[in-house]
2 protein chains.
Amino acid sequence: MRPPETVPSADTKERILDAAEVLLAENGYEATSLRAVTQAAGVNLAAVNYHFGSKKDLLDAVIRRVAEPVSRSRLERLEALEASSDAPSVEAVLRAFLEPVFQHLQDSAARGPTVFLLLSRVISDPDPRIQNMLAAAFGDVGQRFIEHLAVLLPHLDEEELWWRFKSCIGVAIFHQSRSLPALSILGSAPDERNLEMTIAFVTAGMSAPSTS
Amino acid sequence: MRPPETVPSADTKERILDAAEVLLAENGYEATSLRAVTQAAGVNLAAVNYHFGSKKDLLDAVIRRVAEPVSRSRLERLEALEASSDAPSVEAVLRAFLEPVFQHLQDSAARGPTVFLLLSRVISDPDPRIQNMLAAAFGDVGQRFIEHLAVLLPHLDEEELWWRFKSCIGVAIFHQSRSLPALSILGSAPDERNLEMTIAFVTAGMSAPSTS
DNA sequence: GTATGATTCAAACGTTCGTATGAAACACTC
DNA sequence: GAGTGTTTCATACGAACGTTTGAATCATAC
């Protein structure tokens, strides 16, 4: 029988999630062994399969835990824009999309710089199982943002609108990755400047004249 | 003794490279086994270690073979711009950077859409060995382009210039990946339109007002 | 305190991996 | 055609992997 007032072994589950988040981000999915995760979490090897079912299900849980607060914050900001009387600017919409990422980065800074490094690793994985996880975790919110951008940028055909929105995501993801460290030699910029530079770039890109 | 007019077993080496390029792009480095590569290439398992030394060295060879024609074409176009009498536009420089990628895509279309999918997989790998491969394969050329952009965009401090150039790479890479297929539902656009949409986006982003 | 279900644990299973080995097959020179 | 260096081949090795198992431990209810 499960007493409803206590979640059984929430501690073990969370320690596994914490360790898995860091190690999956550092090494990627395939190169992260459950032995390394359970050792870092200080739990038994079998605990992963007991609590999550499989390695893939653990990845799914990690992604969901990261995505949920970001998606919620994005929606809140978008609804705040909708509540305003006049139409928002492109920059305001993109800011509502990007700021929650940086905010989550700062909130979890103690856990290390690995929160969205994980997404930069898994997002390029063509495995349909993983792409479905991402679509389930972020897809609905992305759709909402595209609908708003379509109103603000009516001169773009659907194809170019989606292409540009995907470009915005690519920029944000790429900067959270550890790609091309040679291009990040100066990379000690505070998160706030990184956010402003990103918004300036993608706002200009979004607002460029149509190619059609 | 090696007769200089024939490269010994160039056929086996190239068949391994062809198969490895596709499989590494599809599945990533860790999830690609040498058994799958050698079976797809129709050669013996031991041929990889004989011809390349190790799995990492095979990846290195694959990256180099992809990077070399692109880097050479990029440099040629940049030097053509330098030879011109008047200063090139930002768009012209970015076009010199991006067009060789799309050209290589079309040239190797018969091998499948996997040429740069590979790069989108390995570029997010924090493994220093892999990042060093990429830096060796692309770094010098990137440095040359940054120097040109610095002249054309003197109002950007060094940090923002590098950030924006990295953003351009992020956009190009992300679109070559298979990330977020839901955002590519219309993705039957011809390569040429994809190139023009990319150039429009990154030219506007590069030319945005400075945030400092 | 005893019974019951949830959780943890050490140990093992079968599989797959990258790599190494030594003999066979080949290409070439003299 | 004997000799030499190169390439291929079947096979094996040790290690690491995800997962399973069954007993031990814990927490709770009666």
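Predicted model only: the values in this text are computed from it and were never measured.
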Spacing between B:Tyr50 atom OH and C:dG22 atom P, to the nearest angstrom: 16 Å

NZ/NE/NH1/NH2 to OD/OE distance under 4.0 Å, A:Glu26 and A:Arg121: no

Check against salt bridge (charged side-chain N to carboxylate O under 4.0 Å, His left out), A:Arg65 and A:Asp18: CA-CA 10 Å; A:Arg65 194 179 66 152; A:Asp18 287 344; 2.9 Å; yes

Short side-chain N/O contact from A:His51 to OP1 or OP2 of C:dA6, under 4.0 Å: no

Nucleotide-resolved protein contact map, nucleotides 14-20 of chain C, B/S/- at heavy-atom distance under 4.0 Å: ---BBBB

Interatomic distance, A:Phe52 CZ vs D:dT20 C1' [rounded to whole Å]: 18 Å

Between C:dC9 (C1') and A:Gln39 (CD): distance, integer Å: 15 Å

Derivation and outcome, side-chain contact (heavy atoms from CB on, under 4.5 Å), residues A:Arg95 and A:Arg77: CA-CA 9 Å; A:Arg95 195 176 283 274; A:Arg77 290 174 191 244; 5.9 Å; no

Within residues 57-64 of chain A, residues whose heavy atoms come under 4.0 Å of DNA chain C: none

Carboxylate-amine/guanidinium contact B:Arg129 B:Asp57, below 4.0 Å: yes

Distance in Å, B:Ser71 OG paired with B:Glu76 CD, rounded so as to fall on 0.5 Å steps: 11.0 Å

Approximate separation, where rounding is to 0.5 Å, of B:Ile130 CD1 and B:Lys56 NZ: 5.5 Å

The single option from B:Val90, B:Ile169, B:Leu98 passing side-chain contact (heavy atoms from CB on, under 4.5 Å) against B:Val202: B:Leu98

Lys/Arg-Asp/Glu bridge criterion (N-O < 4.0 Å) met for B:Asp60, B:Arg64: yes

